[in-house]
Amino acid sequence: MKKILIIAPHMDDEVLGCGGSIAKHQHISDGITVIFVAHRVYNHHFDERLSNIEKSHALRAKIVLGYNDAIFLDLPDERLDASVQEIIIPLEKHIQEIKPEIVYIPFRGDNNQDHRAVFDAARVALRPVAAPFVCDVYMYEIPSSTDQSPPLQESAYLPNYYVDVSGFLEKKLEAYNCYETEKRGYPHPRSEQALRVLAQKRGTEIGFNYAEAFMILRKKWC
């Protein structure tokens with residue numbers, strides 16, 4: 001059994017980015033923790049009611065995916081880039097407590113300032129000298145963010161690690177449907193149909209029916 005950590009900027013990013021992989025880790029009895037960094041805002045202001053609704057959705061998705069622990073840092077949504085240090089401090093604390101072997105983090109080129117801030121914080125908290133117990137670090141793609149980045153070299157998502165989620169895609173979609181306030185209709189990238197299409201496309205790239213695709217940030221034999 002391995003210890004797995006998913007660092008999600010927002011509630012729903014864990015499902016969008018690696019929901020199928022979470023279900024697959026759970027299926028082989030890995031110990032899984034998800035850290036949610038930000039709370040939710042409405043019209044650029046903190047909305048406690050909306051944030052609590054989102055938390056209830058996240059906990060429902062947790063039950064569907066069957067993972068062990070959810071940690072909410074409750075940092076300010078849409079303003080995470082104002083102070084990356086405020087993310088690094090709690091991340092370092094939890095990483096040292098959990099001592100994960102595999103970590104999933106958002107892509108550095110996402111067209112979302114919160115995602116980029118979480119990446120910057122995570123790469124500091126996960127530096128090898130600080131977290132030598134971490135074997136693998138993967139960046140995941142988030143539909144409506146990764147795919148919406150401008151056509152710049154530094155924003156190119158170039159997956160080089162694929163997970164066969166053919167037996168777990170329905171579980172991922174069921175978990176995402178728990179996020180009632182985040183669901184969108186097709187052709188929005190966060191619609192159920194678009195998520196299925198993306199998984200199918202990633203599968204065709206590697207010879208699976210459905211896949212999730214990642215970029216390797218670190219990989220070592222442990």
Side-chain angles (χ1 to χ4, degrees), residues 4-22 32-42 44-48 50-59 61-62 65 67 69-95 98 100 102-126 134 137-150 154-155 157 172 175-176 178-179 181-184 188-190 195 198 212-215 217:
I4 315 298
L5 174 63
I6 296 89
I7 301 175
H10 306 104
M11 293 168 274
D12 81 351
D13 290 334
E14 84 292 1
V15 178
L16 290 169
C18 41
S21 298
I22 292 173
I32 307 161
T33 300
V34 177
I35 295 178
F36 297 100
V37 177
H39 57 48
R40 278 299 186 188
V41 301
Y42 180 73
H44 307 294
H45 296 286
F46 173 60
D47 187 313
E48 184 175 6
L50 179 59
S51 195
N52 287 336
I53 290 173
E54 288 272 315
K55 282 184 181 179
S56 72
H57 294 169
L59 293 174
K62 172 181 178 290
L65 294 176
Y67 67 86
D69 297 304
I71 297 170
F72 299 92
L73 301 186
D74 287 320
L75 296 177
D77 187 19
E78 298 183 357
R79 299 175 184 173
L80 295 180
D81 58 328
S83 177
V84 174
Q85 183 68 17
E86 296 300 315
I87 311 172
I88 293 173
I89 293 170
L91 276 188
E92 285 185 329
K93 173 181 177 292
H94 290 296
I95 287 168
I98 297 165
I102 299 174
V103 183
Y104 296 86
I105 67 176
F107 174 54
R108 67 172 297 180
D110 276 1
N111 199 18
N112 183 296
Q113 73 276 13
D114 285 347
H115 296 189
R116 295 193 300 271
V118 171
F119 169 84
D120 286 336
R123 70 174 175 174
V124 173
L126 292 167
V134 174
V137 180
Y138 304 117
M139 293 185 291
Y140 56 84
E141 61 182 330
I142 301 174
S144 78
S145 182
T146 309
D147 54 317
Q148 299 295 306
S149 291
E154 62 268 24
S155 299
Y157 188 76
K172 171 176 179 161
Y176 191 66
C178 294
Y179 285 102
T181 55
E182 298 300 321
K183 292 188 297 182
R184 300 291 186 270
H188 194 285
R190 292 205 310 270
L195 295 178
L198 177 60
E212 288 178 339
F214 303 92
M215 289 181 67
L217 201 62

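Just so it is clear, the structure is predicted and the values come from calculations on it, not from any experiment.
The backbone N or O of Asp12 lies less than 3.5 Å from a partner atom in the side chain of Tyr179, making a donor-acceptor pair. Lys183 places no side-chain N or O within 3.5 Å of a backbone atom of Arg190 that could act as its donor or acceptor partner. No donor-acceptor pair under 3.5 Å is formed between the side chain of Gln113 and the backbone N or O of Asp81.
Across all their heavy atoms, Asn111 and Ser149 have their closest contact at N-OG, 3.1 Å. Counting all heavy atoms, side chain and backbone alike, Ser144 lies closest to His188 at CB-CE1, 3.9 Å. Across Phe36 and Ala58, no two heavy atoms sit closer than the pair CZ-CB, 4.1 Å. Taking every heavy atom of both residues into account, Met139 and Leu217 meet most closely at CE-CD1, 4.0 Å. Nearest heavy atoms, Pro106 versus Asp110: CB-OD2, 4.4 Å. Taking all atoms of both residues into account, the shortest heavy-atom contact from Ser21 to Tyr104 is CB-OH, 4.2 Å.
Residues satisfying the side-chain hydrogen bond (donor to acceptor under 3.5 Å, both in side chains) test with Tyr157, not counting sequence neighbours, are none. Every residue two or more places apart in sequence or in another chain that forms a side-chain hydrogen bond (donor to acceptor under 3.5 Å, both in side chains) with Glu92 is listed here: Arg127. For Thr33, there are no side-chain hydrogen bond (donor to acceptor under 3.5 Å, both in side chains) partners at least two apart in sequence or on another chain.
Ile71 contributes atom CD1, which lies 4.5 Å from atom CD1 of Ile35 (distance to the nearest 0.5 angstrom). Taken to the nearest 0.5 Å, the CD1 atom of Ile95 stands 10.0 Å off from the CD1 atom of Ile88.
Between His115 and His10, the ring-plane angle classifies as tilted under the 30° and 60° cut-offs.
Heavy-atom neighbours of Arg123 CZ from other residues, nucleotides or ligands within 6.0 Å: above the threshold of 12.
With Val84 as the fixed residue, the side chain to side chain contact (heavy atoms under 4.5 Å, CB included) test singles out one of Asp120, Val118, Val124: Asp120.
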